[in-house]
Amino acid sequence: MDLFMIDSDTDEYTESSDSEELEERETIFSGHAQDILTSLDERILKIDDFLSFERGFSHGDIVSHISDPSGQLGRVVDIDMVVDLESQSGKVLRDVNSKRLVRVRSFMAGDYVIMGSWIGRVNQVIDLVKVVFNDGTKCEILVKDPDMLVPVMPGWYEEMIQFYYPGQCVRMKNASTGSKTAKWLCGDWGTKNSNEGTVCSAEAGLVQVYWISSLSRVWGSCKTDPTPSSLQEPKNLTLLSCFQDANWQLGDWCTLLDMASAGAPKSSVKMVKNYGQGSSGIFTISKTRTTIDVLWQNGLVSVGMDPRTVAPISNLGDHDFWPEQFVLEKAIASEEACTPKFQRVGVVKKVDALERTVKVKWGRNQGGFVGDVKEETMSAYELVEHPDFSFCVGEVVVRLVPSLDKVEEAKSGFDSLLCFGNFVGHKEGGVKVKWANGVLSKVDPFEICGLERLLDIVSPQPVSEVITNATDSTRFTDEQEDQGSPDDPKILDESSYDCVESLRKATARLFPKAAFDFLSDLFGRPHVLNHSGMMKEETNNQVVGSTERQLDANETTKPEPKKLQKEAAKPNETSDLPVIYAKPREFKRFDVIDECTDHYFTNQTGSSLVKKGWLKKIQQEWSILENNLPESIYVRACEERMDLLRACIIGAAGTPYHDGLFFFDIFFPADYPHEPPLVHYHSGGLRLNPNLYESGKVCLSLLNTWTGSGTEVWDPKSSTVLQVLLSLQALVLNEKPYFNEAGYDKQVGRADGEKNSVTYNENAFLLSCKSMMYLIQKPPKHFEDFIREHFTCHAPRLITACKAYLDGAQVGSLCKNEELFGACHKSCSTGFKLMLAKLLPKLVSTFTEMGIDCNPSNPLAHVSG
């Protein structure tokens, strides 16, 4: 009970006693609490200050306003930067203008340098360091190996610095090697008692340069200047650079000269002076604050913008232009689509990004604007950037001479530092260049050329070589490797005999004589034909084992595919008068043709001997195609060359490719199906899809021409040519082909991505129309009648769609029944309408010349659906 007794004194409670206790506690802890709160506030401010990073922009970067990401774009044309610098001791200099910052080394790897008439690129910089050792000796060391001179007790700060600086404590690690490259200024190696010392100065001692070219080579002079030595003293070199003051980033190391004029407060200047002798003078950039000037597509310039109000654009559209950019006018259509014709040359004055229109000042040539100079509003789709007058901001350029006979005169009259420079922008029909001597001037675009373009540094491998290499390279499955080396003559002979025997027993009545001739050439086996069409072997052939005979006999028990009939209707002979069909004739989806002399892979033979099972697989492919092709895909096999196919795919409704025809040549390599077929697209020189190149290359993971996994890549056991054709139709020629480009799928649903997708669709439809005209003028062999029949049925619907687009309907919004999709409320751009209005009369004229009625009331229209 005693435990539960309560003292009467403790039971008493009054307000006065409570307040006294509170006051006592506040007196004791108030100082500590205040310190804690103050420290916490300071830390929060430091954290906020540290996290307030800015987006870093460089000259020439493309941006959009953050409030309107799908609107017009802008290009960064100027940058003003102030920085905060932190010294090694932790002291901070605030609001220092970046124009007063100097690199810790005058030369760095990757810099372009000029020496006489030569331009080169720095590969390595060798430091020249003066060290005062602890015993008073002093020497100058050329540090060829960083391990020769190492920091004493390096901490995290020392490890971050990749250079020597005044005041740094160092140790000569390899004394014997160091003595060979050291020049003693005070004392000598024999009197030296210490390997440790302090750096009193450090600078570039030697610069290793890779010399790229000289003016003599660029100008084509008969007298070429000798190539300089790769190791040069810094005093012999001139650095070629621009925009150094705008390229600083957080964490960069720098030195600061002329503190009084650096824009720093007086207190900061005084602080630096108090560093005294031995101070390193090396600073780290701890914070940057920038403002940018942006040139918008409409020609307006925003000055002093906060970089946080704009967002960078990584993927620029193909039809985005900028004021003062040089452009060419593309021909609306030409007989040879593979050789597009360019017309006038002009300079862009302003761009309407939403409507895809461009105001261009025409009449530019080497002498400036001549003749009838006028400004005209053009469609962005009928313009292309001038290939010879296209420069990137900061690109190294070389001055050209007017003619070869003035080379020596030019060499004697020009300072070499005025012949190498950096492109910095466009100006009033010309270009601005900052030359190696620091002079900024305006020149005509034909007076200069990009260094890399001039030297043709980038030279892609020809597509023909890629295809040849892909065909000649042979890979084998584990099963084939177990059977023996493919180079074994015995294996090859037995494999070829098996194929011939299988052909004789299983397919003698399936293929014509020409097919046997082709196969026999592949197998390399002599043969003759008997009266029944069966293949009869010569008496000098080897006898096949009973096991192999039994295998062939088993194969013959399988049901044969249906006999493939050749097309009864031959292509019409060309005549002077157009032919108008009374009704569309049936064109078989799969059939066999006599020959294919215009096939892309006609000269492709691959290996001289096909692999075992090749013929059987080709038979299966033919059977699958004959029985399973959809209405929109047509295929022709070749009687003389069973390794060749030609396919035609009709563009689907709801896509920018609707009503178009797309032809592909297919080749079965010798080790098919262990390797996928080779496919070539008939482009006519037009790039209307990210996966279909002008060269004819088809980029598809199923063909192993692009990365993929699982069912996306070719599987010898299950993949077929039909699967390839369906993938081309559904995955390549789809309703939003822009997102087929590698990495662009991340932009789906984003404003800038959807904007670029609409633009891509508009251009794809225009190119599809040009492709139609090209196919009509030069149809692939054995598809002449089909092309005529197709457009007889589809031209009225195509013209109706064009008229709907001119009225504002979005590309691909028309259904088969010529009604707009219910969800379509958007309109196409004015630039697209301008281009289509010029293209449509030519398209109608092409149809009319072929005798095709474009009137929607045409009774033959839409018969083929």
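What's counted below: heavy atoms across the whole structure, side chains too, no hydrogens, waters or symmetry copies. Note that the structure is a prediction, hence the values are computed from the model and not measured. All residue numbers refer to positions in the sequence shown, counting from 1.
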With sequence neighbours left out, what residues match [X] under ring-ring contact (aromatic ring centres under 6.0 Å, His included)?
X	result
Phe847	Phe791
His319	Tyr381
His386	Phe389
Tyr693	none

So, the side chain of [X] versus the backbone of [Y]: is there a donor-acceptor pair under 3.5 Å, distance only?
X	Y	value
Asn740	Val732	yes
Ser416	Ser117	no
Ser757	Gly753	no
Ser214	Trp118	no
Asp745	Phe739	no
Lys755	Gly71	yes
Arg788	His790	no
Thr846	Lys842	yes
Ser98	Met81	yes
Arg121	Val113	no

Task: Trace of the ring-ring contact (aromatic ring centres under 6.0 Å, His included) decision for Tyr112 with Phe420 - done: CA-CA 10 Å; Tyr112 284 94; Phe420 298 103; 9.9 Å; no
State, yes or no, whether a side-chain contact exists between [X] and [Y] at a heavy-atom distance under 4.5 Å.
X	Y	answer
Tyr805	Ser813	yes
Asp665	His682	yes
Tyr760	Pro690	yes
Leu661	Ile650	yes
Thr655	Leu733	no
Val443	Arg399	yes

Residues which pass side-chain contact (heavy atoms from CB on, under 4.5 Å) with [X], listed by chain and number, not counting sequence neighbours:
X	answer
Pro323	Leu295
Asn298	Gln72, Trp296, Leu300
Asn422	Leu240, Cys242, Val396
Ile66	Arg55

Open item on the list: Are there over 12 heavy-atom neighbours, none belonging to Lys427, within less than 6.0 Å of that residue's NZ?
Closed with: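 Open.
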Open item on the list: Tell me which pairs pass ring-ring contact (aromatic ring centres under 6.0 Å, His included) where either residue lies in residues 59-78, with sequence neighbours left out.
Closed with: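 Qualifying pairs, neighbours excluded: His59-Phe243.
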Task: Residue pairs involving residues 346-357 (criterion salt bridge (Lys or Arg N to Asp or Glu O under 4.0 Å); sequence neighbours excluded) - done: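 Qualifying pairs: Asp320-Arg356, Glu324-Lys349.
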Task: Qualifying salt bridge (Lys or Arg N to Asp or Glu O under 4.0 Å) pairs, either residue in residues 756-765, two or more places apart - done: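 For residues 756-765: none.
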TODO: Verify ring-ring contact (aromatic ring centres under 6.0 Å, His included) between His426 and Phe391, making sure each step is shown before the conclusion.
DONE: CA-CA 9 Å; His426 295 92; Phe391 305 98; 7.5 Å; no
Open item on the list: Taking side chain to side chain donor-acceptor pair (under 3.5 Å) as the cut-off, I'd like each qualifying pair that reaches into residues 387-396, sequence neighbours left out, listed once.
Closed with: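 Side chain to side chain donor-acceptor pair (under 3.5 Å) check on residues 387-396 returns Glu385-Ser390.
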